[in-house]
Amino acid sequence: MDTQTIVILDFGSQYTQLIARRIREQNVFSAVLPCTAPLEEIRALQPIGIILSGGPSSVYDADAPPADPRVLALGVPVLGVCYGLHFIVHHLGGKVRSAPRREYGHAEVTIEHGSSKIFSGLPPTLQVWMSHGDEALELPAGFRRIAVSASALAGIENAERRIWAVQFHPEVHHTPLGPQLLGNFVFGICGARGDWTSAHFIESTVGSIRARVGKDHVICGLSGGVDSSVAAMLVHKAIGAQLTCIFVNNGVLRKNEFQNVQKNLRDKLGLNIVAVNASARFLEKLAGVSDPEQKRKKIGAEFIAVFEDEAHRIAQQTGKVDWLVQGTLYPDVIESSSVKGPSQTIKSHHNVGGLPERMKLKLIEPLRDLFKDEVRRIGRDLGMPEDILARQPFPGPGLAVRILGEVTPERVALLQEADDIVVSEIKAAGLYTKIWQSFAVLLPVMSVGVMGDQRTYAYTAGVRAVHSEDGMTADWVQLPPDLLQRISNRIVNEVRGINRVVYDVTSKPPGTIEWE
């Protein structure tokens, strides 16, 4: 069965990925493309509908995102959101101007035409979230106003051309009935089946991998985390013994992780694992490096080098290795701006962005279109044990991006001990599976302390715990004071070299989840 796709064109909104998630929550696949995507690329996805996202620009500015207005004439239904409404009005002959009164935050919208398909089944007034400084002053020919707020036009349609648009954001939590509005578009207007389920994804992905790989041999870069483990299981389900998993000790793993991951994945998943202790190689590359991006790039490059070495060795045993599996997720792709567009690059990811030309391995990324919670659902349907699926996210560059400044063996050892205390105490408190991510950070801050009547001069550890749905945004967790006290006491008493503990109360945005 072919996958039905809703294409979302990204004009730079901070909420674009939320649109994608809301569509997927209704068991319909969605794909985000930059607004600059050529028509051929959009057509190639055979979309049943197109959503134009919000964005920070004004359509009448000279530097407005250069999207192709012919996207409005592809013959499939279109829904504009915020900037998307302005784009439709501007390019079809209407007029958009700077609004005399801007709207940001909560607002009430009155539906003027309840017969509009986009508002089917919705009450006459809606609580919504607005975020705009422009307004549609004149509508293009054939369009009618279907909703208003106290300050501006809030919805328009041209049902004959199958184009709808709203000024507010239906994708955010602050528009409670937003999912129903999006459902009206996806099902009532676009005719989606709603059959994009875990079982459907597994079946189609396994079949695709089997067809692509044939009888070739495949290696998988295994970290022991949820992403690479589920990716490995999908490929293993497709090709069995043709897969060899490579687990690399990059010198910046958590305490005892090199041993524990091997035992878990061999015993519980039956995967063929080759363990490579490349700790010295990575730490040598990181010596003297303080810049976060340089750390990530050096670790990424060394990962690829190790994989190449191992692929060559495995090829001597199996005949030839042609493919490399990675557990790349959709947020990795988005944050690395692998999707080129108005959205800003936040940080690069070691497993995103393509392989160097010298690398002879082709890439398999079976999870590239998925968010973390979707990956966990896939893993459960594959029958994977919960203690693997419930693991909190761990960055590809490991503890290197939790050690601010230079990464040295001494600093790695300090952070391993501190992080182990944080995680063990949070597990003991029964909070581990209720928190998206919790960990320790080693700060390049030395401070004076007093221990046993003696002066100390040692490092500072930061503790970070956040709630999140998909890693794109996050709120800091208000850990119980007695838990924070136990964590702090244990770190300063048990980790020689750390004499101060601080707690991070920054959300994302403005911060990121990781410190680097």
Side-chain angles (χ1 to χ4, degrees), residues 222-230 233 252-265 267-269 327 329 331 370-380 382-399 401-403 414-442 461-495 498 501-508 511-515:
L222 199 60
S223 71
V226 177
D227 309 337
S228 63
S229 298
V230 174
M233 282 300 291
V252 283
L253 298 178
R254 287 169 286 200
K255 184 178 179 180
N256 298 326
E257 191 165 23
F258 190 51
Q259 296 76 22
N260 292 340
V261 166
Q262 292 181 63
K263 185 176 186 300
N264 258 348
L265 298 184
D267 295 351
K268 295 183 178 180
L269 298 182
L329 299 192
L370 301 184
F371 292 96
K372 177 73 75 173
D373 59 321
E374 295 170 333
V375 172
R376 287 195 169 104
R377 285 200 294 272
I378 298 297
R380 290 186 182 103
L382 287 169
M384 295 175 64
E386 197 61 30
D387 61 342
I388 291 177
L389 296 177
R391 280 175 54 124
Q392 293 179 357
F394 187 63
L399 298 181
V401 292
R402 295 177 180 174
I403 298 173
L414 286 175
L415 184 54
Q416 284 176 331
E417 295 297 329
D419 184 73
D420 187 62
I421 289 170
V422 171
V423 173
S424 63
E425 286 295 336
I426 285 178
K427 285 182 176 178
L431 297 176
Y432 184 78
T433 58
K434 300 175 183 178
I435 295 174
W436 173 265
Q437 224 165 332
S438 50
F439 54 89
V441 180
L442 189 67
V463 176
R464 179 85 158 134
V466 297
H467 287 309
S468 182
E469 190 176 60
D470 53 27
M472 301 303 297
T473 60
D475 293 319
W476 64 276
V477 177
Q478 297 188 41
L479 291 177
D482 59 331
L483 175 56
L484 286 172
Q485 184 178 30
R486 285 196 302 275
I487 289 172
S488 177
N489 285 346
R490 284 195 60 192
I491 289 175
V492 297
N493 282 296
E494 298 175 27
V495 185
I498 296 177
V501 177
V502 298
Y503 189 53
D504 184 349
V505 294
T506 312
S507 294
K508 174 185 180 180
T512 56
I513 294 177
E514 298 293 340
W515 276 50

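Quick note: numbers below take in every heavy atom, side chains included, and nothing from hydrogens, waters or symmetry partners.
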Keeping the roles fixed (side chain from E374, backbone from F371), state whether a donor-acceptor pair exists under 3.5 Å. yes
Under the rule for ring pair (Phe, Tyr, Trp, His ring centres under 6.0 Å), what residues qualify as partners of F394, not counting sequence neighbours? none
Checking D227 against K372 for the salt bridge (Lys or Arg N to Asp or Glu O under 4.0 Å) test, could you report, in this order, the C-alpha distance in whole Å, the side-chain angles of both residues, the deciding distance, and whether it holds? CA-CA 8 Å; D227 309 337; K372 177 73 75 173; 2.7 Å; yes
Rounded to the nearest 0.5 Å, how far does CG of L414 lie from CG of D419? 12.5 Å
Enter the distance from N489:CG to L484:CG here, rounded to the nearest 0.5 Å. 11.0 Å
Between the CZ atom in R376 and the CG atom in L370, the distance rounded to the nearest 0.5 Å is 13.0 Å
Walk me through whether R464 and E514 qualify under salt bridge (Lys or Arg N to Asp or Glu O under 4.0 Å). CA-CA 8 Å; R464 179 85 158 134; E514 298 293 340; over 6 Å; no
Any idea which heavy atoms bring P393 and R402 closest together, and the distance? O-NH2, 4.0 Å
If every non-hydrogen atom of W476 is compared with every non-hydrogen atom of D504, which pair is closest and at what distance? CB-O, 4.0 Å
Give the minimum heavy-atom separation between I435 and A465, together with the two atoms involved. CG2-CB, 4.4 Å
More than 12 heavy atoms of other residues, nucleotides or ligands under 6.0 Å from CD of Q478: yes or no? no
I want to check something: taking the side chain as every heavy atom from C-beta on, are P480 and Q485 in contact at a cut-off of under 4.5 Å? no
Where do Y503 and V477 land on the side chain to side chain contact (heavy atoms under 4.5 Å, CB included) test, with the steps shown first? CA-CA 10 Å; Y503 189 53; V477 177; 4.1 Å; yes
So M384 and S229, do their side chains get closer than 4.5 Å, heavy atoms only? yes
Looking only at atom types and distance, does a side-chain atom of S488 sit under 3.5 Å from a main-chain N or O of V501, one as donor and one as acceptor? no
Please check if the side chain of S228 supplies one atom and the backbone of G327 the other of a donor-acceptor pair under 3.5 Å. no
If I take atom OG1 from residue T506 and atom CD1 from residue I513, how far apart are they, to the nearest 0.5 angstrom? 12.0 Å
Heavy-atom closest contact (L431 atom, L479 atom, distance): CD1-CD2, 4.1 Å
Within a strict 4.5 Å, meaning less than it, do heavy atoms of the D420 and R254 side chains meet? no
Flag side-chain contact, heavy atom, 4.5 Å: L269 against P385: yes
Distance only, no hydrogens: is a donor on one side chain within 3.5 Å (strictly under) of an acceptor on the other, for Q416 and E257? no
Going by side chain to side chain contact (heavy atoms under 4.5 Å, CB included), L415 matches just one of L399, I498, V495. Which one? L399
Where do V230 and G379 come nearest, in terms of heavy atoms and distance? CG2-CA, 4.1 Å
I need the E425 CD to I491 CD1 distance, nearest 0.5 Å. 9.5 Å
Starting at CG of L265, measure out to CE of M233 and round the result to the nearest 0.5 Å. 9.5 Å
Taking all non-hydrogen atoms of both residues, which atom of I487 and which atom of V463 are closest, and how far apart? CG2-CG2, 4.1 Å
For G224, is there any backbone N or O sitting under 3.5 Å from a side-chain donor or acceptor partner on R391? yes
Side-chain donor-acceptor contact under 3.5 Å, S438 with Q392: yes
